[in-house]
Asker: 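The structure under discussion is supplied below as structure tokens; questions concerning it will follow.
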Amino acid sequence: MDGKEESEWGRDKKKTGLKIEIEEYISSRDVVIFSKTTCGNCTKVKDLFDELNIQYLAVEINKMDNGQELEEELYEYTMEMALPNVFVKDKLIGDYTEVIQLSKGGLFQKLLEDKEDKPKENTYDYDLIVIGGGSGGLAASKEAAKYGKKVLVLDYVAPSPLGTTWGLGGTCVNVGCIPKKLMHQAALLRQALKDSCKYGWKIEDNVQHNWEAMSESIQNYIGSLNWNYRVSLIENKVKYENGFGEFVGPHQIKSTNSKGKVKFFTAEKFLIATGERPRYLGIPGDKEYCITSDDLFSLPYCPEKTLVVGASYVALECAGFLAGLGLNVTVMVRSILLRGFDQQMANKIGEHMEEHGVKFIKHFVPIKIEQMEAGTPGRLKVTSQSADGAEMIEEYNTVLLAIGRDACTRNIGLDIPGVRINEKTGKIPVNDEEQTNVPYVYAIGDVLEDKLELTPVAIQAGRLLARRLYGDSTLKCDYINVPTTVFTPLEYGACGLSEENAISRYGEENIEVYHSYFWPLEWTVPSRENNKCYAKVICHLKDNERVVGFHVLAPNAGEITQGFAAAIKCGLTKEQLDCTIGIHPVCAEIFTTLSVTKRSGGSIVQAGC
Ligand code: FAD
Ligand code: NAP
């Protein structure tokens with residue numbers, strides 16, 4: 001890209017920013033007047049509204065730092081030569097002359113009452129309204145708009161009990177995958193610093209980590225992603241409302257913004273993509289003193305000594321990077337690690353974390369959290385109880401609850417169109433086309449019953465749904481053999497069945513498990529431990545030794561797993577793995593040389609790499 005193109009791009013970005021600013025002003029109040037304090041007609045219009053006792057927002061352009069640019073963009077937006085530009089309920093009314101005309105005979109009041117407050121008969125405002133602007137909702141809305149459909153997406157973040165909120169993009173971008181992976185990377189760098197001495201680097205003895213600096217850099221990056229999402233909605237001509245959406249009629253939605261401003265919209269079809277929010281324990285002190293993953297990534301101070309409650313993805317990943325940053329971390333486990341995952345792999349993750357300083361308290365749950373001292377962080381007293389009634393009292397600076405997430409489906413008026421949810425879990429059952437029991441209401445992503453809660457799954461389901469609804473596609477989302485990675489200090493990548501599930505589906509005698517430890521070359525020079533990284537494939541003997549389960553515990557396990565997932569989708573067999581020539585020297589080559597079966601009991605211990 002040469003300098004000229006770059007500056008054009010910069011100009012485009014600035015223009016889009018101004019357009020967003022104008023649209024945000026317009027939608028922030030029922031009546032918005034773009035005006036100048038020096039303009040006579042502007043003053044007259046504002047006086048008129050005062051007389052009529054109509055509340056308005058006056059955007060005084062001449063008082064703004066970017067006033068001249070905003071005025072130029074406003075002209076392009078309205079094509080009105082003169083100020084004021086008056087908007088009522090998002091619609092341009094015009095300038096002084098039009099306002100005076102309308103004020104006669106109480107037409108303004110009528111306009112304020114009528115617009116959008118009542119559904120129009122036999123016609124809808126939108127083809128599709130998407131409730132939830134996260135991974136799935138944004139993907140679906142942009143795809144639907146590509147087919148020329150009129151699409152509205154509503155996104156609203158209810159603050160966490162501690163008041164944390166964030167921008168557009170949903171869980172993954174703001175309080176999930178993105179900040180999690182970046183903090184995981186921050187922790188891995190500490191290990192890299194340690195290793196680097198053996199590679200000849202001279203590192204100061206007292207290398208320090210600064211939580212605030214890390215958090216600020218990550219939040220700045222997230223801010224840029226929020227911005228990009230906003231821009232891409234504009235570019236794709238998707239209308240965006242920063243409001244909480246709920247059904248108030250079978251085809252009507254009410255949107256309420258953070259200032260309480262209410263708008264009503266109608267649509268032919270609806271997509272529920274409202275995701276989930278962290279669950280609380282329901283014990284004294286939990287909402288007052290504990291944090292969740294919703295708070296952790298933007299925490300303005302280092303959490304210090306931390307208790308992580310829970311033992312699944314979120315718990316182990318957060319515990320892993322906090323310990324990797326050098327903090328004192330304890331994980332409180334109610335039953336087992338990583339329920340639903342291959343338990344041999346889950347236990348290996350636990351062992352590795354334990355060997356790297358994470359403490360595990362097994363078969364206990366907290367029953368009371370008390371504050372001993374306020375602060376950033378303060379001091380908390382945690383009382384816990386085991387299944388047999390034994391009590392334990394410990395002190396921590398921070399308690400992070402990672403005990404699962406609840407679907408955001410209970411307060412969005414789903415009973416009005418008659419959408420059925422699972423009353424126990426709040427999840428929405430859908431058919432294989434993501435259609436709920438109400439034919440014109442669809443659902444995708446984390447709100448779905450019995451589906452994987454992963455960003456790429458929500459995105460894929462959303463895109464394919466839009467193509468089926470508005471294009472001529474019939475392709476459905478394939479929820480089978482979805483690869484995933486747990487970003488614990490030693491990453492765990494998996495695709496297909498766990499060993500337990502393979503046994504229960506095909507019978508132990510019908511599966512063959514090939515496995516091996518391996519030692520990444522990069523770990524040899526700094527003398528990092530051998531026989532920790534582990535690879536296993538599970539093959540179905542009666543189906544030509546087709547690979548039905550793939551598991552790897554290694555650095556960059558996610559990068560390794562992604563490619564093998566494509567092969568598994570193509571029906572990969574053990575023979576094909578054996579015929580594949582490895583890339584040397586990389587971790588993934590172990591999968592081309594697996595020869596020891598679990599059944600044989602042969603040694604898989606490695607002496608060198
Ligand atoms: P979300 O992304 O949650 O979006 C829903 C949006 O709807 C939110 O913005 C919400 O505020 C909004 N909303 C809710 N109710 C309303 C309403 N009534 N009106 C308007 N808006 C509303 N997945 C991975 O694939 N890889 C990972 O590494 C990974 N790491 C994760 C780490 C953590 C800590 C967590 C919590 C999750 C992680 N996930 C990961 C899961 C991933 O984030 C989710 O699967 C994904 O975000 C689901 O997308 P969604 O569109 O269903 O919902
Ligand atoms: P989860 O998978 O539902 O696990 C909840 C954990 O909390 C379990 O270990 C559970 O223990 C424990 N727990 C539940 N109630 C408890 C209680 N009252 N007291 C103590 N412990 C309790 O939830 P999650 O880890 O929040 O993950 C949610 C979803 O997000 C996952 O399904 C995943 O798809 C997605 N995610 C993905 C990634 C990734 O791709 N890397 C990362 C994070 C999250 P029991 O086993 O005893 O029930």
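In this text, all values refer to a predicted model and were calculated from it rather than measured experimentally. Every number for a ligand or one of its atoms is a count from 1 in the order of the listing.
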Asker: Please state which option from A273, G243, A140, G558 has its nearest heavy atom closest to atom 5 (C) of ligand 1.
Answerer: A273

Asker: Relative to the heavy atoms of G445, which atoms of ligand 1 are at a distance of less than 4.0 Å?
Answerer: 52 (O)

Asker: Regarding K239 and E23, does a basic nitrogen lie under 4.0 Å from an acidic carboxylate oxygen?
Answerer: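 E23 and K239: not salt-bridged.
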
Asker: Picking from D294, D406, T171, what satisfies side chain to side chain donor-acceptor pair (under 3.5 Å) with R277?
Answerer: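 Only match with R277 under side chain to side chain donor-acceptor pair (under 3.5 Å): D294.
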
Asker: From atom 32 (C) of ligand 1, work out which of G176, G133, S293, G170 has a heavy atom at the shortest distance.
Answerer: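 Shortest heavy-atom distance from atom 32 (C) of ligand 1: G176.
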
Asker: Which protein heavy atom lies closest to atom 14 (C) of ligand 1, and at what distance to 0.1 Å?
Answerer: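 The answer is T274 O, 3.2 Å.
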
Asker: Ligand 1 versus V457, non-hydrogen atoms closer than 4.0 Å: side chain, backbone, both, neither?
Answerer: neither

Asker: I need the contact type for R405 against ligand 1. Using non-hydrogen atoms and a strict under-4.0 Å cut-off, is it side chain, backbone, both or neither?
Answerer: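 Side chain only.
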
Asker: How far is atom 22 (C) of ligand 1 from the closest protein heavy atom, and which atom is that?
Answerer: Y156 O, 3.5 Å

Asker: Can a side-chain donor-acceptor contact be found between Q344 and K536 if the only test is distance below 3.5 angstrom?
Answerer: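 Present: a donor and an acceptor within the cut-off.
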
Asker: Between G132, G134, P278, flag the one that comes closest to atom 4 (O) of ligand 1 by a heavy atom.
Answerer: G134

Asker: Looking at side-chain heavy atoms only, is the closest gap between I129 and K269 below 4.5 Å?
Answerer: no

Asker: Going by the order shown, which atoms of ligand 1 are within less than 4.0 Å of some heavy atom of D446?
Answerer: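 Near D446, meaning under 4.0 Å from one of its heavy atoms, ligand 1 has 44 (C), 45 (O), 46 (C), 48 (C), 52 (O).
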
Asker: Classify the side-chain pair N328/K359 by whether it contains a donor and acceptor separated by less than 3.5 Å.
Answerer: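 On atom types as modelled, these side chains qualify, holding a pair under 3.5 Å.
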
Asker: Give a yes or no on whether a salt bridge exists between E355 and K532, defined as a side-chain N under 4.0 angstrom from a carboxylate O.
Answerer: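 A salt bridge links E355 with K532.
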
Asker: Compute the shortest N/O to N/O distance between K180 and ligand 1 and return yes if it is under 3.5 Å, no if not.
Answerer: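 N/O-N/O distance under 3.5 Å: yes.
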
Asker: In terms of residue, atom name and distance, what is the protein heavy atom nearest to atom 25 (O) of ligand 1?
Answerer: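 Result for atom 25 (O) of ligand 1: T455 N, 3.0 Å.
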
Asker: Please report whether the ring centroid of Y442 lies less than 6.0 Å from that of F270.
Answerer: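 No, the ring centres sit 6.0 Å or more apart.
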
Asker: Hey, does A311 come in under 3.5 Å of ligand 2, counting only N/O atoms on both sides?
Answerer: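 N/O-N/O distance under 3.5 Å: yes.
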
Asker: Mind checking whether Y313 contacts ligand 1 via backbone (N, CA, C, O), side chain (CB onward), both or neither, at a 4.0 Å heavy-atom cut-off?
Answerer: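 Within the 4.0 Å criterion, Y313 makes no contact with ligand 1.
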
Asker: Is the closest side-chain donor-acceptor distance between T398 and K305 under 3.5 Å?
Answerer: no

Asker: Could you tell me whether some N/O pair between L454 and ligand 1 is separated by less than 3.5 angstrom?
Answerer: yes

Asker: Give a yes or no on whether a salt bridge exists between K476 and D432, defined as a side-chain N under 4.0 angstrom from a carboxylate O.
Answerer: yes

Asker: Can you list the atoms of ligand 1 that are under 4.0 Å from a heavy atom of C172?
Answerer: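 Heavy-atom distances to C172 below 4.0 Å select 43 (O), 47 (O).
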
Asker: Identify the protein heavy atom lying closest to atom 32 (O) of ligand 2, giving its residue, its atom name and the separation to 0.1 Å.
Answerer: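 The protein heavy atom lying closest is E453 OE1, 3.4 Å.
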
Asker: Pairs of nitrogen or oxygen atoms closer than 3.5 Å, one from R279 and one from ligand 2: do any exist?
Answerer: no

Asker: Could D30 and K261 be called an ion pair, given the rule that one side-chain N must be under 4.0 Å from one carboxylate O?
Answerer: yes

Asker: Is there a donor-acceptor contact under 3.5 Å linking the side chains of Q191 and H356?
Answerer: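 Absent: no donor and acceptor within the cut-off.
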
Asker: Would you say E276 and ligand 2 have an N/O pair spaced under 3.5 Å apart?
Answerer: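 So ligand 2 has no N or O lying under 3.5 Å from an N or O of E276.
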
Asker: Would you call K427 and E453 a salt bridge, taking side-chain N to carboxylate O under 4.0 Å as the test?
Answerer: yes

Asker: Name the closest protein heavy atom to atom 2 (O) of ligand 1, giving the residue it belongs to and the distance to 0.1 Å.
Answerer: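 Minimum-distance protein heavy atom for atom 2 (O) of ligand 1 reads T171 N, 3.0 Å.
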
Asker: Could you check whether K149 makes a cation-pi contact with Y147, meaning its NZ or CZ is under 6.0 Å from the centre of the six-membered ring and within 45° of the ring axis?
Answerer: no

Asker: Between ligand 1 and E317, is the shortest N or O to N or O distance under 3.5 Å?
Answerer: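 In this structure, E317 places no N or O atom under 3.5 Å from an N or O of ligand 1.
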
Asker: Salt bridge check: are K263 and D90 linked by an N-O gap of less than 4.0 Å?
Answerer: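 So K263 pairs with D90 through a salt bridge.
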
Asker: For ligand 2, which atoms have a heavy atom of E317 less than 4.0 angstrom away?
Answerer: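 Those atoms are 39 (C), 41 (N), 42 (C), 43 (C).
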
Asker: Taking atom types as modelled, find out whether T164 and D295 have a side-chain donor-acceptor pair closer than 3.5 angstrom.
Answerer: yes

Asker: For residues L490 and C533, report the shortest heavy-atom separation together with the two atoms involved.
Answerer: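 Heavy atoms only, the tightest pair is CD1-SG, 4.1 Å.
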
Asker: What protein heavy atom lies closest to atom 34 (C) of ligand 1? Include the residue and the distance to one decimal.
Answerer: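 Answer, as residue, atom name and distance: V175 O, 3.6 Å.
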
Asker: Relative to the heavy atoms of G136, which atoms of ligand 1 are at a distance of less than 4.0 Å?
Answerer: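 Close to G136: 51 (O).
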
Asker: Under 3.5 Å, N or O to N or O, is R405 touching ligand 2 that way?
Answerer: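 Between R405 and ligand 2, no N or O pair is found under 3.5 Å apart.
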
Asker: In the protein, which heavy atom is nearest to atom 47 (O) of ligand 2, and how far is it?
Answerer: S335 OG, 2.5 Å

Asker: Would you indicate which of Y280, Y313, F364 comes nearest to atom 38 (C) of ligand 2 when only heavy atoms are counted?
Answerer: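 Ranked by closest heavy atom to atom 38 (C) of ligand 2, first place is Y313.
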
Asker: Relative to the heavy atoms of P456, which atoms of ligand 1 are at a distance of less than 4.0 Å?
Answerer: 25 (O)

Asker: Using 4.0 Å as the upper bound for N to carboxylate O, is an ion pair formed by K146 and E143?
Answerer: yes

Asker: Give the atoms of ligand 1, by number and element, whose distance to some non-hydrogen atom of I131 is under 4.0 Å.
Answerer: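 With I131 as reference, the close atoms of ligand 1 come out as 17 (C), 18 (N), 19 (N), 20 (C).
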
Asker: Students should be able to answer this: which protein heavy-atom is nearest to atom 53 (O) of ligand 1, and at what distance?
Answerer: G275 CA, 3.4 Å

Asker: Without hydrogens or angle criteria, can the side chains of N242 and D155 be said to hold a donor-acceptor pair below 3.5 Å?
Answerer: no

Asker: Is D155 in polar range of ligand 1, meaning some N or O pair under 3.5 Å apart?
Answerer: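 Between D155 and ligand 1, an N or O pair is found under 3.5 Å apart.
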
Asker: What atoms of ligand 2 come within less than 4.0 Å of a heavy atom belonging to A402?
Answerer: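 Those atoms are 6 (C), 7 (O).
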
Asker: Counting only heavy atoms closer than 4.0 Å, does ligand 2 sit against the backbone of T484, its side chain, both, or neither?
Answerer: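 Contact part for T484 vs ligand 2: side chain (C-beta onward).
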
Asker: Just to be sure I'm reading this right: ignoring hydrogens, which of G558, P278, S312, G176 gets closest to atom 4 (O) of ligand 2? Compare them by their nearest heavy atoms.
Answerer: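 The nearest heavy atom belongs to S312.
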
Asker: Of all the atoms in ligand 1, which lie at a distance below 4.0 Å from a heavy atom belonging to L154?
Answerer: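 Counting atoms of ligand 1 from 1, those under 4.0 Å from L154 are 20 (C), 21 (N).
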
Asker: Salt bridge check: are R410 and E423 linked by an N-O gap of less than 4.0 Å?
Answerer: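 Judged by the 4.0 Å cut-off on N to carboxylate O distance, R410 and E423 do form a salt bridge.
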
Asker: Can you find an N/O atom of G245 closer than 3.5 Å to an N/O atom of ligand 1?
Answerer: yes

Asker: In terms of atom number and element, which parts of ligand 2 are under 4.0 angstrom from non-hydrogen atoms of L281?
Answerer: 17 (C), 18 (N), 19 (N)

Asker: Heavy-atom contacts with I412 under 4.0 Å: which atoms of ligand 1 show up? List them by number with element.
Answerer: 18 (N)

Asker: Which one of V365, V486, I403, V314 has a non-hydrogen atom at the shortest distance from atom 14 (C) of ligand 2?
Answerer: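 Among V365, V486, I403, V314, the closest heavy atom to atom 14 (C) of ligand 2 comes from I403.
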
Asker: Specify the protein heavy atom at minimum distance from atom 39 (N) of ligand 1: its residue, its atom name, and the distance to 0.1 Å.
Answerer: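 Closest protein heavy atom to atom 39 (N) of ligand 1: C177 SG, 3.8 Å.
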
Asker: For T484 and Y313, which I'm curious about, is there any donor-acceptor pair between the side chains at under 3.5 Å?
Answerer: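 Their side chains do contain a donor-acceptor pair, which is all the 3.5 Å distance test asks for.
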
Asker: With a heavy-atom distance limit of 4.0 Å, tell me whether K180 approaches ligand 2 through its side chain, its backbone, both, or neither.
Answerer: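 Near ligand 2, K180 shows its side chain, while the N, CA, C and O stay back.
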
Asker: Q219 and Y221: side-chain donor and acceptor closer than 3.5 Å?
Answerer: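 Y221 and Q219 do not have a side-chain donor-acceptor pair below 3.5 Å.
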
Asker: Charged N to carboxylate O under 4.0 angstrom, E395 versus K381?
Answerer: no

